[in-house]
Protein chains: 2
Amino acid sequence: MNNNNKFSVGEFSEKTGIPIPTLHYYDEIGLLRPEKNPSSGHRIYNYQDIIILQKILSLKFLGYSLDEIKNLLNKTSFTVDLNESLSLHLQALEKEKIQIEQSMKSINRVIRLIEEEGTVDSNLILNLIHSMRTEHIQKEWMDRHMLTDVVDVVEELEKKSEEDNFSLDKTIYQVSKEVKQLYGKPVEDPKVQRMIKNYVEEYFSLLSEDLMQKFADMNIEGELDFQEFENMTPSPFTEDEQKWFDQAIDYYIQQEEIE
Amino acid sequence: MNNNNKFSVGEFSEKTGIPIPTLHYYDEIGLLRPEKNPSSGHRIYNYQDIIILQKILSLKFLGYSLDEIKNLLNKTSFTVDLNESLSLHLQALEKEKIQIEQSMKSINRVIRLIEEEGTVDSNLILNLIHSMRTEHIQKEWMDRHMLTDVVDVVEELEKKSEEDNFSLDKTIYQVSKEVKQLYGKPVEDPKVQRMIKNYVEEYFSLLSEDLMQKFADMNIEGELDFQEFENMTPSPFTEDEQKWFDQAIDYYIQQEEIE
DNA sequence: CCTTGAACCTCAAGTTACTTGAGGGTTTAT
DNA sequence: ATAAACCCTCAAGTAACTTGAGGTTCAAGG
């Protein structure tokens with residue numbers, strides 16, 4: 001197609017960077033219908049078609065579906081009523097963006113953990129991701145049960161630096177692993193107590209004094225319907241492991257108080 | 001299903017927030033296969049299935065496809081080789097994020113323009129979006145042609161506040177409109193010259209002195225293959241309008257120099 | 001003028017992660 | 001026992017393409 005402003009699909013595709021099958025598709029759905037050579041059926045694109053395609057790409061960029069674009073293309077002017085749909089798109093994009101940012105954060109944390117540990121039990125990792133994923137849901141649940149103090153704790157934790165966050169990941173991971181190894185031993189076994197000590201120190205070194213106090217106070221108060229909460233946060237432990245772990249911590253606290 | 005840890009699809013769906021058809025689908029593709037009542041065929045989910053589902057959702061959150069998830073679910077541990085795929089996902093997410101941020105910026109600018117103008121010619125709007133969309137491509141093109149000074153100009157423009165950016169949008173839009181109205185009149189017509197004055201002032205008030213100088217110097221230098229560049233930036237004007245506009249600017253500059 | 005390879009054509013089917021619907025069986029509460 | 005609520009399977013639809021088979025047309029060289 002030697003003419004200066006008539007192009008074959010191939011040339012047009014080359015010029016615009018849009019793959020040929022996509023151009024075929026746009027033709028098929030009536031979005032961009034070039035001229036056709038009546039005898040051969042070959043498509044003939046012209047300069048105007050480049051402009052239409054640019055419009056299509058622009059509207060896609062704004063988040064419109066091809067169907068919506070087909071309608072918008074006919075409009076010669078845009079009026080304020082378009083703003084409504086633009087605002088909607090904007091909201092959707094905002095949500096997507098937040099999603100992506102959270103995912104990126106989680107991935108970074110997982111990558112680092114794997115890097116440092118070499119091999120990591122998949123259950124524990126997935127548990128970690130799960131809690132990152134549902135952080136805001138858990139917060140909302142706690143808000144609903146007016147556990148505002150705990151929300152404070154969580155938020156305090158969030159404000160911590162990346163570094164601290166990561167070392168907490170590592171501690172939680174290490175502890176999970178050790179619990180699984182040590183499970184079955186009596187809770188007063190020195191190995192067990194050393195592990196617990198490690199955990200408690202690391203975990204609370206990241207929290208300020210007064211929050212620790214609030215946290216402790218709260219622990220004393222009665223039962224709530226934790227059923228729902230438990231469903232949201234499957235622990236990496238079996239039920240028995242969890243019980244054993246709780247006992248070991250109780251024992252540790254008692255010992256501390258005696259001293 | 002009165003049993004405490006056996007659930008029907010409905011109950012399971014309620015508990016987890018995943019729609020029933022989706023659970024059916026996950027069953028079908030072998031991702032989450034609950035027990036089945038052999039006589040009725042009804043699905044029976046248990047507590048373990050909640051955990052599996054949470055794993056699935058976690059891996060989805062990281063950006064894996066259901067197919068990949070099916071394989072990952074069988075793994076009991078994750079090793080460093082997983083990091084490669086995680087990094088890839090991270091990169092993809094980063095790209096998506098940038099895309100979204102750009103779209104959001106563009107939409108905001110368009111919304112504001114429409115708000116202030118009421119009704120806007122769709123060609124001009126789409127042209128505006130097009131240039132936002134291809135900003136980085138244009139910059140790359142200029143880099144390639146070693147027009148680093150122009151890149152400086154563009155970057156300077158980018159650094160300008162949202163406000164300035166917007167008032168530039170508006171100016172460009174207004175000028176486009178006026179060009180279309182005034183086209184045909186002689187370039188020395190006072191109306192035309194007033195319009196040009198307006199444009200030049202607004203446009204260059206946003207650039208610093210030395211960049212203006214560089215820009216001017218550069219303009220004098222010879223031709224390049226602007227063909228390619230033109231393709232990337234379809235002007236909102238017809239060819240004739242563009243010519244007329246260029247002449248009007250030339251005339252304006254001459255007058256300025258005489259004074 | 002003929003041939004050959006590249007480019008083009010149409011039409012059908014595949015992709016992902018679901019959603020919707022038709023037509024019919026099962027459970028559960030009354 | 002019967003009705004409402006719930007469940008089943010299987011088929012088809014969705015968006016925005018991509019892939020492939022099988023056949024036609026074009027452009028250049030001999």
Side-chain angles (χ1 to χ4, degrees), chain A residues 1-3 6-46 49 53 55-73 89 92 96 99 103, chain B residues 1-3 6-46 49 53 55-73 89 92 96 99 103:
Chain A
M1 221 149 277
N2 50 2
N3 190 320
K6 304 256 178 191
F7 320 104
S8 68
V9 247
E11 289 164 341
F12 194 75
S13 163
E14 187 80 4
K15 231 183 169 47
T16 62
I18 304 300
I20 295 174
T22 303
L23 293 171
H24 281 176
Y25 176 66
Y26 285 178
D27 185 359
E28 192 188 325
I29 64 170
L31 201 55
L32 180 60
R33 308 214 112 139
E35 234 181 291
K36 280 191 184 184
N37 180 327
S39 67
S40 70
H42 285 196
R43 291 169 179 79
I44 305 163
Y45 291 86
N46 59 33
D49 291 324
L53 182 63
K55 281 193 190 182
I56 292 169
L57 298 177
S58 290
L59 289 166
K60 264 190 59 170
F61 179 70
L62 294 191
Y64 286 98
S65 70
L66 299 189
D67 212 47
E68 292 167 315
I69 291 173
K70 220 184 337 183
N71 295 325
L72 285 170
L73 275 183
H89 279 303
E96 257 183 81
Q99 256 272 49
S103 294
Chain B
M1 216 148 283
N2 50 2
N3 190 320
K6 304 255 179 193
F7 319 103
S8 67
V9 246
E11 290 164 341
F12 194 76
S13 164
E14 189 79 5
K15 234 184 167 45
T16 61
I18 303 301
I20 295 174
T22 303
L23 293 170
H24 281 176
Y25 176 67
Y26 285 176
D27 186 359
E28 191 189 325
I29 64 169
L31 200 56
L32 179 60
R33 308 213 109 139
E35 233 181 292
K36 280 191 185 185
N37 180 329
S39 68
S40 71
H42 285 194
R43 289 169 181 80
I44 305 163
Y45 291 86
N46 59 31
D49 291 324
L53 182 62
K55 281 192 192 183
I56 292 169
L57 298 178
S58 289
L59 289 167
K60 263 191 57 170
F61 179 70
L62 293 191
Y64 286 98
S65 71
L66 298 188
D67 209 49
E68 291 167 316
I69 290 173
K70 221 188 333 188
N71 296 326
L72 285 170
L73 276 181
H89 279 302
E96 257 183 82
Q99 254 272 46
S103 294

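The figures that follow rest on heavy atoms only: side chains count, while hydrogens, waters and symmetry mates do not. In what follows, chains carry the letters A, B, and so on, assigned in the order in which the sequence lines appear, proteins first and then strands, with residues in each chain numbered from 1.
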pair [X]-[Y]: side-chain heavy atoms closer than 4.5 Å:
| X | Y | value |
| --- | --- | --- |
| B:Tyr45 | B:Leu53 | no |
| A:Ile18 | A:Leu57 | yes |
| B:Lys55 | B:Ser58 | no |

For this session: List in chain and number order the residues that pass side chain to side chain donor-acceptor pair (under 3.5 Å) with B:Tyr25, two or more places apart in sequence or in another chain; answer none if no residue qualifies.
Result: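 Testing B:Tyr25 for side chain to side chain donor-acceptor pair (under 3.5 Å), a comparison that skips the adjacent residues, returns none.
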Exercise. Which residues pass the side chain to side chain donor-acceptor pair (under 3.5 Å) test with B:Glu14, sequence neighbours left out?
Worked result: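 Scan of B:Glu14 (side chain to side chain donor-acceptor pair (under 3.5 Å), adjacent residues dropped) gives none.
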For this session: State which residues pass side-chain contact (heavy atoms from CB on, under 4.5 Å) with B:Gln99; sequence neighbours excluded, sorted by chain then number.
Result: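 Checked B:Gln99 against side-chain contact (heavy atoms from CB on, under 4.5 Å); matches are A:Phe61, B:Ser103.
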Problem set entry | Non-neighbouring partners of A:Pro19 that pass side-chain contact (heavy atoms from CB on, under 4.5 Å), sequence neighbours left out |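 In terms of side-chain contact (heavy atoms from CB on, under 4.5 Å), with neighbours along the sequence ignored, A:Pro19 is linked to A:Pro21, A:Thr22.
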If you compare every side-chain N and O of [X] against the phosphate oxygens of [N] (OP1, OP2), does one of them come in below 4.0 Å?
| X | N | result |
| --- | --- | --- |
| A:Arg43 | C:dT10 | yes |
| B:Ser40 | D:dC8 | no |
| A:Ser8 | C:dC8 | yes |
| A:His42 | D:dC26 | no |
| A:Asn37 | D:dC26 | yes |
| B:Lys36 | C:dT26 | no |

Distance check, rounded to the nearest 0.5 Å: [X] atom [atom1] versus [Y] atom [atom2]?
| X | Y | atom1 | atom2 | value |
| --- | --- | --- | --- | --- |
| B:Ile44 | B:Phe7 | CD1 | CZ | 12.0 Å |
| A:Asp49 | A:Lys15 | CG | NZ | 13.0 Å |
| B:Leu32 | B:Leu66 | CG | CG | 11.5 Å |

Problem set entry | Close approaches to DNA chain C from residues 26-34 of chain A, in residue order (heavy atom, under 4.0 Å) | none
Whole angstrom value for the distance that separates [atom2] of [N] from [atom1] of [X]:
| X | N | atom1 | atom2 | value |
| --- | --- | --- | --- | --- |
| A:Ile44 | C:dC9 | CD1 | C1' | 13 Å |
| A:Tyr45 | C:dA7 | OH | P | 17 Å |
| B:Ile20 | D:dA5 | CD1 | C1' | 11 Å |
| A:Lys70 | D:dC17 | NZ | P | 13 Å |
| B:Leu23 | D:dT9 | CG | C1' | 16 Å |
| A:Phe7 | C:dC8 | CZ | P | 14 Å |
| B:Glu14 | D:dA5 | CD | C1' | 14 Å |

For this session: If a pair satisfies salt bridge (charged side-chain N to carboxylate O under 4.0 Å, His left out) and one of its residues is in residues 17-32 of chain B, list it, with sequence neighbours excluded.
Result: B:Asp27-B:Arg33, B:Asp27-B:Lys36, B:Asp27-B:Arg43
Exercise. With sequence neighbours left out, which residue pairs that include part of residues 63-73 of chain B fulfil the salt bridge (charged side-chain N to carboxylate O under 4.0 Å, His left out) condition?
Worked result: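 As it turns out, there is no salt bridge (charged side-chain N to carboxylate O under 4.0 Å, His left out) pair with a partner in residues 63-73 of chain B once direct neighbours are skipped.
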Seminar exercise, completed: Numerically ordered, the residues 55-69 of chain B set in heavy-atom contact under 4.0 Å with DNA chain D is none
Exercise. How does DNA chain C look in dot-bracket notation if pairs are Watson-Crick or G-U with both distances under 3.5 Å, crossing ones as [ ], other-strand ones as |?
Worked result: ||||||||||||||||||||||||||||||
For this session: Could you tell me whether the side chain of B:Ser13 and the main chain of B:Val9 form a donor-acceptor pair under 3.5 Å?
Result: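 Here the side-chain-to-backbone pair does not exist.
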For this session: Check B:Asn71, B:Ile69, B:Ile56 against B:Tyr64 for a side-chain contact (heavy atoms from CB on, under 4.5 Å) and give me the one that passes.
Result: B:Ile69
Between the protein and nucleotides 18-20 of chain D, are there any N/O to N/O pairs under 3.5 Å, and if so, what are the atom names and distances?
unit_1, atom_1, unit_2, atom_2, d
D:dT18, OP2, A:Thr22, OG1, 2.6

